[in-house]
Each structure stands twice: as structure tokens, then as C-alpha cells.
Trainee: 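Pasting in a structure now, in C-alpha cells, and then I'll have a few things to ask.
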Amino acid sequence: MKNVIKNIVINAAQLAFQKGLLQSDVIPDMEIEAPRHENHGDFSTNFAMISASIQKMAPRKIAEIIKSCIEDNINNCYPKDGNSGCSGIIAKIEIAGPGFINFFLAPTAWYPFIQKIHNQGKDFGRSNIGHGKKVQVEFVSANPTGPLHIGHGRGAAVGDAVGNILAFSGFDVQKEYYINDSGRQIRTLGRSVWLRLCQLVGKEIDFPEDCYQGDYIQDIAKEINDLVTKKPFDLANPESVNTAELSNTDDAETHLKMLGNLFDKTEAEAIDICAKYAADKILQGIKDDLYDFGVEFDRWFSEQSLYDSGKVQDAIKKFQARDVIYEKDGALWFKTESFGDEKDRVVVRNNGLTTYFASDIAYHTEKFDRGFDRVIDVWGADHHGYINRINAAIEASGRKREQFDVILVQLVNLLRGGQPVAMSTRSGEFVTLKEIVDEVGKDAARFIFLSRSYDSGLDFDLEVAKQQTADNPVYYVQYVHARITGIVAKACEQGVILAPEDVMVKGASNLEHLVEPEELKLIKILASFTEVVEKSALALHPHLIFTYLMLLASAFHGYYNKHKVITEHQDLTLARLCLISSVKKVIHNGLTLLGVSAPERM
RNA sequence: GCGCCCGUAGCCCAGUGGAUAAGGCAUCAGCCUCCGAAGCUGAAAAUCGCUGGUUCGAUUCCAGUCGGGCGUACCA
């Protein structure tokens, strides 16, 4: 609708120039906005104000010219009727304030949206601003050394929603999880499990501080120990093997084989086996938890695979060839400073080991090699110091900086009844994402994570999230969906319509009965959904969808409380059923983008 | 020290060049014989951290400053 208005203004400006009323035919980059106040019309443009210096004319004078040209320009704009000056789309044009041109649309301009929403259904709101461009969204990517916590949950909700919104806006999106399954933290994981295992079989060991302290390490050690000790029995009775516990591996038998003689191996080999087993186990837990949180990835990408395929070395060699890597003090340094970083960074240490940064360079190079036009990483705010160096890697590999975005998600404070919940990774005592989802539910958790901009820190209060009250916005919106379902079902029972899907059959021709201010307001909000989604996609800000859903829900509740849908007048009832069915569809589409369900009943 | 994010009503937060700064919580006063009260209506509550600058116009952009969070490895 904004584009329609914009074209009307442009046509009018051109007409004015042809008539000699305006000195210049330059069309500045005007804004068409929906004003905050209803008495400023449905749409407003600042055309006259920003044209003042170009036309060398007072803004209000320009506005007058535009207004009269729009009203004259019958062919391009709208038909006139005898009385009000205009009919069709525009009901009235006003000039206000310093030179705003305000457009008041006729109700008939809005009714087609209801038909459109019903026709498009789950596709209403979809656009093609992405033009099929290939985009990768990488998020969560937590190390498989422990379960996901609440911070990962926020990143998961944001990354998933951004991916959904981009896909809905015409981008070809792939969601990816990068598994840091290489390097020291995995060895530390293996060592942690191995030492716990040794403790289990009676060895006196001081468990080191730099090992993972969490209980889950002991659980895994116990699991391995059970497998090892039960093995002879299990071999005799293969059916008794609890393969469910081994579901994380493709080949439970291989694991048993390896585990069987674990204590016969050298400590280094045993640690490797423990590392592999534990990482697989933990990663499977992560996958399960994300699945329960409603997040599914298109691809799980292994860091180790970059080493196995030689891509880390390839990337280093390429950078050396481009002269952006040099040697100093026995180490290899990437000249990130010349790309805007504070200082140069090491990629290969003087002991010959590559740094994490080296595989990150290879990974980000590889992403573009796979054909993505654009790459988006979702990171916790505590990693912001890495943006400059990854940017450097992107540029040094010949890509443009605009092709790479980092979404920095600020940290989450977990509260219970207003009091901070103690979280210590060091001691291994923290509330996991799974526990949170189990306690408050997937929908409430996701909705709260997406309720505000990720630029701001977030207090997540478990007690509030659990409440089924207005404190908890998810129910406010879901309630609309359930409520409408109930009303439409009632209409079916009463025989007004045959089935919920049939509302438009008899209702489409009765939409002109929708004349109440609350009804027009609702339709206008519905009509703006596509623009909101586009804005959300361009800004990479999913909370715009949240804000929109709250606005729509509020408008609906207000309408519901003031007007009966099912009335004595059949035509009016049909029209209103069409309207609220549209609301239901848009609520559904919006919630779906955020990964929140739209229940029929609550 | 340097870098990033945030400072909007008692509390939480939206808005990010425009016309009277939007919601929610909490407070107060109302609304269910009536389609789902997980709802609605009304009242009260904001010098948009502070100081300059750019602009016809700044909560929005720029500079500085104060306050809070996070980060600043040949760690991952």
C-alpha cells in the first residue's frame, strides 16, 4: 500500500513539473509512513519538506501543488465522484504541520486485503526482497563439552527466527551449527571423563581445576564404566545391551569394542576414546534439546573436518600467497591490523599448533566457497572482540564486508522470583536450557527471548515465564488464535457457515459491512504485516514481529470486547467472520516465524 | 587505557531524523444472565542520562561526558 501512495505522489510531482508548477523534476528519496496519530491520516509523506531546497519553494506551497495535482490526475490516481472530491482509494488529502501531505484512504481500499489473506493463507506476508539470494545463518555452535544453557537458548531463538524471516522474505536460507569438535577443549573433555572413570574404579585422583566439573561428566564416566564392566554379560546376551543409551553413535557395537579394552590402552588412547564418546554423547544431547526447543538445522558442520580435508592448511597457504600472513617469533601472524583490527593475530603458534582463529578463517572461507552470497553469524556478546578479525578474514579472502553480518546477542540474566540464579560454569552448576524448557515450555521461552531487541540485555525470570497471565505475553497472543478458533467453531455449530474454511465463500461479498473504526483499524494492521516482515528481514531484528503481534492481539481483544461477531444480521456476521479468520491466519504466520505454536485451544 | 552494547514514567521495554513519545507490570476506578475475563475500558505516571554540534526540525545522527554490562591471549 505504501508503494501505491508513493507512485501517486511521484506521478503528481511529474505532472506538476510538466505544468510548470515545479521547477525541478528531481524526486527526492521521500518517506511514506503510517503516522502515529489517526487524525494524521493513514499515510503521510515528507515529500514537500525534503523538496523545499530542490524546488526553492516553501514546503507548504509544494504540498498544495502536489495535492491539487493528485486531485487532477484522474487517470493515474483515482476516479472522482461528484461530492467529496474523490472516491476509490483516497478519501481525503490534507496538508498539515510544516508540510506533511496526509492521505486518508477509503474503507474500500482496505477490504481487498481480507481476500488476499485468505487466498495466500500461510504465504501471506511472504515477499521476494531476497531475490533467492543464498544466505547462511550460523547459530548456537556451542562446544560439545557440556549441555546448552540459557544464553544458548536466546541465540537459538534469535538465529532460528532470523532464518525463518529471511526465508519468508525470499532468501534461500540454510541454518547451520558449527561443531567445535577439535582442539584442546575436546582433549580436556576426554581427560575429564577419563579421570572420573579412573576415580570410579577406585584410583585416588585429585580432579584438576581445569577439567570440566559438571555432574554430567561423572554421568558419562559411569555410563562408560557400566558398558565396560557389563561387556562379558552383554556379549553373551546381546539383546540386553541398552542400545538406546548408545543412540548417539551410528555404531554402538564399535563403541563397545573400543570400550571393552579401554584399560588396556595407553592413557592417551583412552583419553581419545573418552573424548570421542563424550563429545558424541553431549552433541546428541544438544541436538535433542534443540529439537525440543523447536530448532532444526540444515547442516551440522564439523570443525575437525576442516583439518581432515586440509582446508585449514589451504587457507593458511592462500593467505601466505596473498602476503597477508607473515612469520614472527616462530609463529605465523595474520595481518588483521591492516584490515581494521587492533593488532595482528596468530594463526599458527610457535609450537606448530594452529589456533582456533585458523580454523575459523578456513570455515568462513569455506562458507562462501559453498556458494553463499551472504553469511550471518549469531554470537554471544562476549565474543564481540572477534568481529574485526573475522571481517579481516572475509576481506582477505576476496569477499566484501557487506556479505558478512554478525548478530551480537546480549547476555541473559536468569532470575527466579526476582532473585538471580547462581550460575557458575566453573563449578559446573548451572541451569540448562532443557531444564528451562521443561519448566516454562518452549513457546513461552522462545517468545520471551524474542520479546525485545537482542541489543539489550535480558532478564529471564523463571517464575514470570511460567505464569499464565498477562505478565507473559505469549498467552496474550496465542489466546487470540484460540479465541477466534472458538468463535468460528460456534458459527459453524449455529449453521452460519458450513466449515471454517468456507467463510469467504459467502462472506467475501459482504465485506462492506465492516465499517466500525475497530474493524478498519484491524484490517490496516493486517495489511501492514508484509511490510513489518520485510523490515524485520532487512534489519535482522525478529523482535519487530513480536511487537507487531502484540499490536495485532491488542487490537483484536479490543474489538472483541466491543463488538459481537455473531449477530442477528447474517451478512454482517459473515463479514466479521471473514475479518477474524484473517486475524487468525496472520497471528499464525507471525508466531510461526518466531517458532511459537498457534494453538486452537488453550 | 582501548573496543562493543545499553541508559526512554516506580519497574520492564518499543520507537531511531519529523507533527500530541507506544505498550506492559505495579497503583487507583469500572466491565462476565451475553461468541473463551489467559480478556476489555478509564485514571494517574516521562525535563527520552548530561553538555555541546549538524539540521527547517534530534529521543533518533555526530562529538564529548557520566552510569551499567561485556570484552580486550602464541585460550578455546
Side-chain angles (χ1 to χ4, degrees), chain A residues 31 33 35-37 39-40 44 46 49-50 52-53 58-59 96-100 102 143 145 180 182-188 210 303 328-333 341-357 359-360 380-388 406 408-411 413 418 451-459 461 464 467-480 482-491 493-494 496 539 543-544 546-548 550-551 553-554 556-567 573 576-577 580 601-602:
Chain A
E31 297 275 335
E33 59 165 12
R36 271 202 273 268
H37 299 280
N39 52 352
H40 292 146
S44 179
N46 60 354
M49 278 115 80
I50 57 171
S53 59
F100 289 103
N102 295 339
N143 291 348
T145 54
N180 294 114
S182 168
R184 207 175 76 177
Q185 82 278 11
I186 291 295
R187 268 189 59 77
T188 302
D210 63 348
E303 179 190 10
K328 190 182 88 180
D329 304 332
L332 292 183
W333 298 71
D341 200 4
E342 293 167 26
K343 50 177 275 193
D344 292 344
R345 308 287 174 177
V346 169
V347 289
V348 180
R349 294 189 275 164
N350 61 12
N351 63 5
L353 294 177
T354 52
T355 62
Y356 185 87
F357 184 37
S359 49
D360 257 352
D382 51 340
H383 290 91
H384 75 255
Y386 285 81
I387 295 178
N388 282 338
V406 176
L408 272 188
V409 181
Q410 295 294 319
L411 305 180
N413 291 312
S451 67
R452 68 194 56 170
S453 169
Y454 48 69
D455 290 331
S456 293
L458 177 71
D459 287 341
D461 194 309
V464 173
Q467 282 172 29
Q468 304 198 342
T469 68
D471 284 355
N472 203 343
V474 70
Y475 301 109
Y476 187 77
V477 176
Q478 287 183 324
Y479 189 59
V480 173
R483 206 177 210 181
I484 292 172
T485 307
I487 297 168
V488 174
K490 178 122 187 167
E493 278 171 34
Q494 297 185 356
V496 184
H543 78 279
L544 298 179
F546 169 91
T547 306
Y548 172 85
M550 292 298 283
L551 175 73
S554 168
F556 175 78
H557 285 312
Y559 172 59
Y560 171 85
N561 274 279
K562 190 160 177 188
H563 302 286
K564 302 273 295 177
V565 172
I566 299 172
T567 67
T573 302
R576 289 183 171 174
L577 287 170
I580 67 167
R601 237 173 277 112
M602 291 171 67

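Just so it is clear: chains get the letters A, B, ... in the order the sequence lines come, proteins before strands, and each one is counted from 1.
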Trainee: Starting at the 5' end of RNA chain B, which residue's closest nucleotide do you reach first, Ile487(A) or Thr354(A)?
Mentor: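 Residue closer to the 5' terminus by nearest nucleotide: Ile487(A).
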Trainee: Taking the six-membered ring for Trp, does His557(A) stack with rC40(B) (centroid gap under 5.5 Å, planes within less than 30°)?
Mentor: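 Taking the rule of under 5.5 Å and under 30°, the ring of His557(A) does not stack on rC40(B).
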Trainee: For Glu33(A), does the CD atom have more than 12 heavy-atom neighbours from other residues, nucleotides or ligands under 6.0 Å away?
Mentor: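 Correct, the count exceeds 12.
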Trainee: Taking only side-chain nitrogens and oxygens of Arg36(A), does any of them come within less than 4.0 Å of OP1 or OP2 of rA19(B)?
Mentor: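 Yes, Arg36(A) has a side-chain N/O under 4.0 Å of OP1/OP2 on rA19(B).
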Trainee: Rounded to whole angstrom, note down the C1' distance from rU8(B) over to rC2(B).
Mentor: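 My reading of the C1' atoms in rU8(B) and rC2(B) gives 29 Å.
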Trainee: Is Lys343(A) near enough to rC74(B) that one of its side-chain N or O atoms lies under 4.0 angstrom from OP1 or OP2?
Mentor: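 True: Lys343(A) side-chain N/O within range (under 4.0 Å) of rC74(B) OP1/OP2.
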Trainee: If you look at every strand shown and take non-hydrogen atoms under 4.0 Å, does Ala482(A) touch a base, only sugar-phosphate, or nothing?
Mentor: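 If one applies the 4.0 Å heavy-atom cut-off, Ala482(A) turns out to touch a base.
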Trainee: Within the structure shown, what part of the strands sits under 4.0 Å from Asp344(A) by heavy-atom distance: base, sugar-phosphate, or nothing?
Mentor: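 Counting heavy atoms under 4.0 Å across all strands, no contact is made by Asp344(A).
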Trainee: Using a cut-off of under 3.5 Å, enumerate the N/O to N/O pairs linking the protein to nucleotides 28-34 of chain B.
Mentor:
{"from": "rC34(B)", "atom 1": "O2'", "to": "Lys564(A)", "atom 2": "NZ", "distance (Å)": "2.7"}

Trainee: So, does the side chain of Ser453(A) form a donor-acceptor pair with the base of rA14(B) at under 3.5 Å?
Mentor: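 By the distance-only test, no, there is no pair.
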Trainee: Set out, line by line, the N/O atom pairs under 3.5 Å between protein and nucleotides 10-12 of chain B.
Mentor:
{"from": "rC12(B)", "atom 1": "O2'", "to": "Arg452(A)", "atom 2": "NH2", "distance (Å)": "3.1"}

Trainee: Determine the contact category for Asn351(A): base if any of its heavy atoms lies under 4.0 Å from a base atom, sugar-phosphate if only primed atoms, P, OP1 or OP2 are that close, otherwise nothing.
Mentor: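 No contact.
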Trainee: Could you label the plane-to-plane angle of the His37(A) and His40(A) rings as parallel, tilted or perpendicular, counting under 30° as parallel and over 60° as perpendicular?
Mentor: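 Taking His40(A) first and then His37(A), their aromatic rings stand perpendicular (interplane angle over 60°).
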Trainee: Look at the side chain of Asp329(A) and the backbone N and O of Ala331(A), then say whether any donor-acceptor pair between them is shorter than 3.5 Å.
Mentor: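 Pair absent, no side-chain N/O of Asp329(A) close to backbone of Ala331(A).
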Trainee: Can you tell me how far apart CD1 (Ile580(A)) and OH (Tyr560(A)) are? Round to the nearest 0.5 Å.
Mentor: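 The CD1 atom of Ile580(A) sits 9.5 Å away from the OH atom of Tyr560(A).
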Trainee: Could you pull out all residues at least two apart from Ser182(A) that satisfy side-chain contact (heavy atoms from CB on, under 4.5 Å)?
Mentor: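 With sequence neighbours excluded, Ser182(A) shows a side-chain contact (heavy atoms from CB on, under 4.5 Å) to Glu303(A), Gln304(A), Tyr307(A), given in chain and number order.
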Trainee: About how many Å separate CG of Asn39(A) and CG of Asn102(A), when rounded to the nearest 0.5 Å?
Mentor: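 That separation rounds to 9.0 Å.
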Trainee: Quick check, does Tyr476(A) stack with rG39(B)? I mean ring centres under 5.5 Å and planes off by under 30°.
Mentor: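 Answer is no, no stack.
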Trainee: Looking for any heavy atom pair under 4.0 Å, which part of the strands does Ile50(A) touch: base, sugar-phosphate only, or nothing?
Mentor: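 Base, at least one base atom sits under 4.0 Å.
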Trainee: Give each stem of RNA chain B as a range with a range, requiring at least 3 consecutive Watson-Crick or G-U wobble pairs whose two distances are under 3.5 Å.
Mentor: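 Ordered by first number, the stems with RNA chain B (at least 3 consecutive pairs each) read B:1-7 with B:66-72, B:10-12 with B:23-25, B:27-31 with B:39-43, B:49-53 with B:61-65.
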Trainee: Could you check whether Ile186(A) gets within reach of a base, just the sugar-phosphate, or nothing at all, counting any heavy atom under 4.0 Å?
Mentor: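 Touches nothing.
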Trainee: Pick the P atom in rG3(B) and in rG64(B), then give their distance to the nearest Å.
Mentor: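 The answer is 9 Å between these two P atoms.
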Trainee: Any donor and acceptor pair, going by atom type alone, linking the side chain of Thr573(A) with main-chain N or O of Thr567(A) inside 3.5 Å?
Mentor: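 The answer is yes, because a donor-acceptor pair under 3.5 Å joins these two groups.
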Trainee: Is any N or O donor-acceptor pair between the side chain of Asp382(A) and the base of rC70(B) shorter than 3.5 Å?
Mentor: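 A donor-acceptor contact between them is absent.
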Trainee: What's Met602(A) touching, base or sugar-phosphate or nothing? Going by heavy atoms closer than 4.0 Å.
Mentor: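 Touches a base.
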Trainee: Going by modelled atom types, is there a donor-acceptor pair between the base of rA19(B) and the side chain of Asn102(A) at under 3.5 Å?
Mentor: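 Under the 3.5 Å cut-off, the side chain and the base do form a donor-acceptor pair.
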Trainee: Counting the atoms with a prime plus P, OP1 and OP2 as sugar-phosphate, which does Ser182(A) contact under 4.0 Å by heavy atoms, base, sugar-phosphate, or nothing?
Mentor: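 Result for Ser182(A) = sugar-phosphate.
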Trainee: Mind checking what makes side-chain contact (heavy atoms from CB on, under 4.5 Å) contact with Arg345(A), not counting sequence neighbours?
Mentor: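 Expected list: Thr336(A), Asp341(A), Glu342(A), Lys343(A), Phe357(A), Arg389(A).
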Trainee: Taking only the side-chain heavy atoms of Arg349(A) (C-beta and beyond), determine which of rA73(B), rC74(B), rA14(B) contains the nearest atom.
Mentor: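 Looking only at side-chain atoms, Arg349(A) lies closest to rC74(B).
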Trainee: What's the base orientation of rC34(B): syn (chi within 90° of 0) or anti?
Mentor: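 That one's anti.
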Trainee: Flag the pair Val480(A) / His557(A) as yes when at least one side-chain heavy-atom distance between them is below 4.5 Å, and no otherwise.
Mentor: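 Yes, side chains in contact.
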Trainee: Using side-chain heavy atoms (C-beta onward) and a distance below 4.5 Å, is Val464(A) in contact with Asp459(A)?
Mentor: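 Answer no - side chains too far apart.
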Trainee: Quick check on RNA chain B: between Val346(A) and Leu544(A), whose nearest nucleotide comes earlier from the 5' end?
Mentor: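 Closest to the 5' end, via its nearest nucleotide, is Leu544(A).
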Trainee: With respect to the side chain of Glu342(A), which nucleotide from rG3(B), rC70(B), rA19(B) is positioned closest?
Mentor: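 Of the options given, the side chain of Glu342(A) lies nearest rG3(B).
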Trainee: Tabulated below should be each protein N or O lying under 3.5 Å from an N or O of nucleotides 4-9 of chain B; please produce it.
Mentor:
{"from": "rC5(B)", "atom 1": "O2'", "to": "Gln410(A)", "atom 2": "NE2", "distance (Å)": "3.4"}
{"from": "rC5(B)", "atom 1": "O2'", "to": "Asp455(A)", "atom 2": "O", "distance (Å)": "2.3"}

Trainee: So how far is it from Asp382(A) CG to Gln410(A) CD, rounded to the nearest 0.5 Å?
Mentor: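 Rounded to the nearest 0.5 Å, the CG-CD separation comes out at 9.5 Å.
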Trainee: Determine: side-chain N/O of Tyr560(A) to OP1/OP2 of rA37(B), distance under 4.0 Å, yes or no.
Mentor: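 Checking rA37(B) against Tyr560(A), a side-chain N or O does come within under 4.0 Å of OP1 or OP2.
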Trainee: Can any side-chain N or O of Ser44(A) pair as donor or acceptor with the backbone N or O of Phe100(A) at less than 3.5 Å?
Mentor: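 Checking the backbone N and O of Phe100(A) against the side chain of Ser44(A), no donor-acceptor pair under 3.5 Å is found.
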Trainee: NA contact type, Ile566(A), heavy-atom cut-off 4.0 Å: base, sugar-phosphate, or nothing?
Mentor: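 It contacts base atoms.
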